[in-house]
**Q** 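Can you keep this structure in mind? I'll have questions shortly.
Since the model is a prediction, treat every value here as computed from it, not as a measurement.
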Amino acid sequence: MTRTTVTTTGDFHDVNRLMSLMTGDEKHGPAATSTLDVLWVLYHRVLRVTPRTVDAPDRDRFLLSKGHGPMAYYAVLAAHGFFGEELLSGFGTYDSPLGHHPDRTLVPGVEIGSGSLGHGLPMAVGSVLGLRAQGLSGPRVWVLVGDAELDEGSNHEAIAYAGPAGLEQLHTVVIDNASASHARPGGIAARFEAAGWSVASVDGRDHEALYAAFTAPHPGQPRVVVAHVDPRS
């Protein structure tokens, strides 16, 4: 990873400027912008991880399962000082660490290489089990998935396991922008609730509602927040 000059911003509105620095084909713009508010609230107000603690055992882990649209993710990471914003203009180019799918070996703060959909939630379950095995009950694991990813069977296996196992350290955010091919009886939230999860459904653009849902207590249960986002917004 090339060393860069790192600056931070506390201004959410600056993220749009940071995103505008990323140009080129295959940006998956709607996939990126649908996650922007969730990512901002998580990194600005919820996640216990900083550029200085990316390797600390007691850090929170954030896994971007929805990795095929990482522009907002990169912009939020840059805004919080994980790398310098000058890297953003090279997004997707041959020699840039900022690929069309995030690479954990190239981008500071990135926990997993992602983009092949359906993998993040099972990996988050494994991360919680790994923390438990090490006796680490403090760190929380967060994973952001898309609604269409829930068509993948691996996610349903993870959902079915995590509830009865009482994986309280596991937190999932589902971006529901109506992109899934198959409807679920009762909606996305009902699927998690039936498996014993603590569930909330909120407006995915409302920062205060997101923060309240992210920080609500859920003793003995994994937590899922379904963030509804109008794909036209």
**Q** For the CG atom of Leu87 and the CE atom of Met22, what is their distance to the nearest 0.5 Å?
**A** 11.0 Å
**Q** Considering residues at least two apart in sequence or located in another chain, which fulfil the salt bridge (charged side-chain N to carboxylate O under 4.0 Å, His left out) criterion with Arg140?
**A** Asp60
**Q** Quick one: does Trp197's side chain have a donor or acceptor within less than 3.5 Å of a partner on Ile159's backbone?
**A** yes
**Q** Can you check whether His44 and His80 have ring centres sitting under 6.0 Å from each other?
**A** yes
**Q** What's the separation between atom CZ in Arg17 and atom CG in Asp11, rounded to the nearest 0.5 Å?
**A** 9.5 Å
**Q** Supply the atom-to-atom distance Asn155 CG to Thr172 OG1, rounded to the nearest 0.5 angstrom.
**A** 9.0 Å
**Q** If I compare all heavy atoms of Ala200 with all of Ala213, which pair ends up nearest, and what's the gap?
**A** CB-CB, 4.1 Å
**Q** Would you check if the side chain of Glu168 reaches a backbone N or O of Gly220 as a donor-acceptor pair within less than 3.5 Å?
**A** yes
**Q** Have Arg205 and His228 got a donor and an acceptor in their side chains that come within less than 3.5 Å?
**A** no
**Q** For the rings on Phe82 and Tyr74, is their centre-to-centre separation under 6.0 Å?
**A** no
**Q** Under 30°, 30 to 60°, or over 60°: which ring-plane class applies to His218 and His171, parallel, tilted or perpendicular?
**A** perpendicular
**Q** If you measure from CD1 on Ile112 to CG on Asp103, what distance do you get to the nearest 0.5 Å?
**A** 11.5 Å
**Q** Distance from Leu210 atom CG to Leu42 atom CG, nearest 0.5 Å?
**A** 8.0 Å
**Q** Does Arg59 use its side chain to pair, donor to acceptor, with the backbone of Ala56 at less than 3.5 Å?
**A** yes
**Q** Mark yes or no for whether Thr53, through its side chain, and Val49, through its backbone, hold a donor-acceptor pair below 3.5 Å.
**A** no
**Q** For residues His207 and Asp37, is any side-chain donor paired with an opposing acceptor at under 3.5 Å?
**A** yes
**Q** For this output row, return yes or no: ring centroids of Trp40 and Phe12 closer than 6.0 angstrom.
**A** yes
**Q** I'd like a table of donor-acceptor pairs (distance under 3.5 Å, sequence neighbours excluded) in which one partner is a side-chain atom from residues 127-138, with atom names and distances.
**A**
from   : atom 1 : to     : atom 2 : distance (Å)
Ser127 : OG     : Met123 : O      : 2.9
Arg132 : NH2    : Gly166 : O      : 2.9
Gln134 : NE2    : Gly130 : O      : 3.2

**Q** Considering all heavy atoms of both residues, which atom of Ser114 and which atom of Ser65 are nearest to each other, and what is their separation?
**A** CB-O, 4.2 Å
**Q** Please check if the side chain of Asp176 supplies one atom and the backbone of Val229 the other of a donor-acceptor pair under 3.5 Å.
**A** no
